[in-house]
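First up is the structure itself, then whatever we jot down about it.
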Amino acid sequence: MELLPHDDATNYTADRVQLEQAMLPDDIDYAKLDKLYWPKPAYTKGDLLVYMREIAPYMLPFLKNRALTVIRCPEGVEEASFFQKHLPNYAPDFIEHVPNEAGTENLILCNNLETLIWFSNHGALEYHVPFQTVATSTPEEIVFDLDPPDRNHFSLAVFAATLIKQMLDGLKLQSFVKLSGNKGLQIYIPIPTGSMTYDETAVFTQAIAWTLEQQYPDSFTTERLKKNRNNRLYIDYVQHGKDKTIIAPYSPRRTDDGTIAMPLFWDEINDTLHPAQFTIKNGVKRMQELGCPFATYHQVKEKQILTNLRAFI
DNA sequence: GGGCCCG
DNA sequence: CGGGCCCAACGCTCC
DNA sequence: GGAGCG
């Protein structure tokens, strides 16, 4: 099927004009662009493709050379979903890949625009990546996952992020923050490739988590069992390990409201922030107005000074 | 969303 | 030919 | 050893 058949001039709705102007790769067959992927706000598959095309320049650097796991919902967020992390045998040649450890499957690399749009066109809504590239076995960043029990307790994530930011500033570490697109916040500390092992980053994240838990035991917990968390914010330090994954910056989420994992500026982390503030419909405009909060991420990564961090652990 | 297997 | 099924998977902790 | 958790 061609990109946008229009045998009939009445097909030129505003949405259709936007799709024609979206500059989607022409080596992919697009179909069912009006399918409702997010029924509640009435966002379509076409809306997803337009968003992914426009966000791709900002998102691709955070996927590069990392084994990709997608969550696919080809019938939309209210229908069945499944994970995919192995290259399917029907994948086109422009998708880069590497063998897994056992040599039994190929892991997917999303290193170009065509790959990103190909997966979007196949109903891939969420893009998850590990903390390492396929070139190494050490993490490229340290991440704190601040996960409140529900969106009504989002202020706990704002509080925790503020406290962690203070501690990181004290250690002269440059950090970045994003909305998870679901309930919480995630803090990134990029580090030079090969500069720390997972064992070392684990000591650090546990030390920070433990400090918060000690200071505010009514607000924060590192308790793994849900029944023991009692509406406290869970600081998930276990999540940061080899082969664990995290939602990529700018990825859409499989939520009712079409939210995205939105990078923010630190001064936006306050009580006016809402966890579902940014969606596939308003995320690009915000970027065009304010710029990418992670624009300096890879420069900072190379220059990050770990002296104080090492003294701390 | 698409391939595959089974009837 | 059509319907149903698959599409990840790993370790840690608790009981 | 199996379930709950990410």
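If you're wondering where the values come from, they're calculated on a predicted model, not measured in any experiment. Within every chain, numbering begins at 1; the chains are lettered A, B, ... in the order of the sequence lines, protein sequences first and strands thereafter.
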Worksheet item: What about the rings of Phe220(A) and Tyr234(A), do their centers lie closer together than 6.0 Å?
Response: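 Judged by ring-centre distance (under 6.0 Å), Phe220(A) and Tyr234(A) do not meet the cut-off.
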
Discussion item. Between Tyr43(A) and Tyr51(A) (judged by ring centroids, cut-off 6.0 Å), do the two rings come close enough to count as a pair?
Written reply: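 No, ring centres 6.0 Å or more apart.
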
Distance test, side-chain N/O of [X] to OP1/OP2 of [N], below 4.0 Å:
X         : N      : result
Tyr90(A)  : dC6(C) : no
Arg72(A)  : dA8(C) : no
Lys227(A) : dC5(D) : no
His86(A)  : dA8(C) : yes

Whole angstroms only, please: what is the [atom1]-[atom2] distance between [X] and [N]?
X         : N       : atom1 : atom2 : value
Asn228(A) : dT13(C) : CG    : C1'   : 12 Å
Glu223(A) : dC12(C) : CD    : P     : 18 Å
Lys226(A) : dT13(C) : NZ    : C1'   : 16 Å

Item to complete: Taking only the side-chain heavy atoms of Lys85(A) (C-beta and beyond), determine which of dG1(B), dG6(D), dA8(C) contains the nearest atom.
Response: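 Of the options given, the side chain of Lys85(A) lies nearest dA8(C).
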
Worksheet item: Quick one: which of dG6(D), dA8(C), dG1(B) gets closest to the side chain of Asp145(A)?
Response: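 The closest nucleotide is dG6(D).
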
Worksheet entry | Rounded C1' spacing from dA8(C) to dG6(D) in Å |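 Those two atoms are separated by 14 Å.
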
Worksheet entry | dA3(D) to dA9(C) separation - C1' atoms, rounded to the nearest Å |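 So the two C1' atoms sit 15 Å from each other.
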
Worksheet item: Between Arg229(A) and Asp147(A), is there a side-chain N and carboxylate O pair less than 4.0 Å apart?
Response: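 Not counted as a salt bridge, because no side-chain N and carboxylate O are separated by less than 4.0 Å.
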
Practice prompt. Determine, for Glu223(A) against Arg232(A), whether the closest basic-nitrogen to carboxylate-oxygen distance falls under 4.0 angstrom.
Written response: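 Salt bridge: no.
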
Item to complete: Verify the stacking flag for Phe82(A) against dG1(B): centroid separation must be under 5.5 angstrom and the ring planes must differ by under 30 degrees.
Response: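 Yes, the aromatic ring of Phe82(A) stacks with the base.
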
Practice prompt. Using a 4.0 Å heavy-atom cut-off across all strands, classify Asn89(A) as base, sugar-phosphate, or nothing.
Written response: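 Sugar-phosphate, no base atom in range.
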
Discussion item. Applying a 4.0 Å non-hydrogen cut-off, can you work out what Tyr198(A) is touching in the nucleic acid: base, sugar-phosphate, or nothing?
Written reply: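 Nothing, no nucleic acid heavy atom in range.
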
